[in-house]
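Working notes, beginning with the structure itself.
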Amino acid sequence: ERGVNLSMKPRASNNVYLMLEQDPDYPARLDRKGFFVHLRDLEAEALIKEEKYRLPNRSDGMRLVLTDAGRAQLEKQA
């Protein structure tokens, strides 16, 4: 399944915050700083991770992926 490649780098054009803040369900009170604090917490808990992938120009990029533990936690909450 193909998804959207999102970066955790604050200045990237495909920055995960810039993409998600446009969603109507995004919590208005969660600012950029708080958002990245939450992402780092999720990464520390091994619920998400950064993964290397190959860009169309054959250079390497990094993207966020949900780990098996992250999926399991989401399934428990559903």
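No experiment lies behind these values; they were computed from the predicted model shown.
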Please report, to 0.1 Å, the donor-acceptor pairs under 3.5 Å made by any side chain of residues 71-78, with sequence neighbours excluded.
from, atom 1, to, atom 2, distance (Å)
R71, NH1, L66, O, 3.4
R71, NH1, T67, O, 3.4
R71, NH1, D68, OD1, 2.9
R71, NH2, L66, O, 3.2

Fill in the blank from the handout: Output for pair (L39 CG, L64 CG), nearest 0.5 Å, gives 6.0 Å

Exercise for the section: Check whether any side-chain heavy atom of F35 lies under 4.5 Å from a side-chain heavy atom of V16, and answer yes or no. Expected result: yes

Problem - Transitive ILVMFWY side-chain link V37 to L20, under 4.5 Å - result: no

Exercise for the section: Report whether L47 and Y17 are members of the same hydrophobic cluster (ILVMFWY, side-chain heavy atoms less than 4.5 Å apart, transitive linking). Expected result: yes

Completion exercise
To the nearest 0.5 Å, atom CZ of F36 lies from atom CG of N15 at 4.0 Å

Practice task
If a pair satisfies side chain to side chain donor-acceptor pair (under 3.5 Å) and one of its residues is in residues 24-38, list it, with sequence neighbours excluded.
Solution key: none

Exercise for the section: Would you list the pairs meeting salt bridge (Lys or Arg N to Asp or Glu O under 4.0 Å) in which at least one residue belongs to residues 43-59, sequence neighbours left out? Expected result: R40-E43, E51-R63, K52-D60, R54-D60

Exercise for the section: Can you see which heavy atom on A46 is nearest to which on A69, and at what distance? Expected result: O-CB, 3.8 Å

Practice task
Spell out, yes or no, whether I48 and L30 are grouped together once hydrophobic residues are joined by side-chain heavy atoms under 4.5 Å, including indirect joins.
Solution key: yes

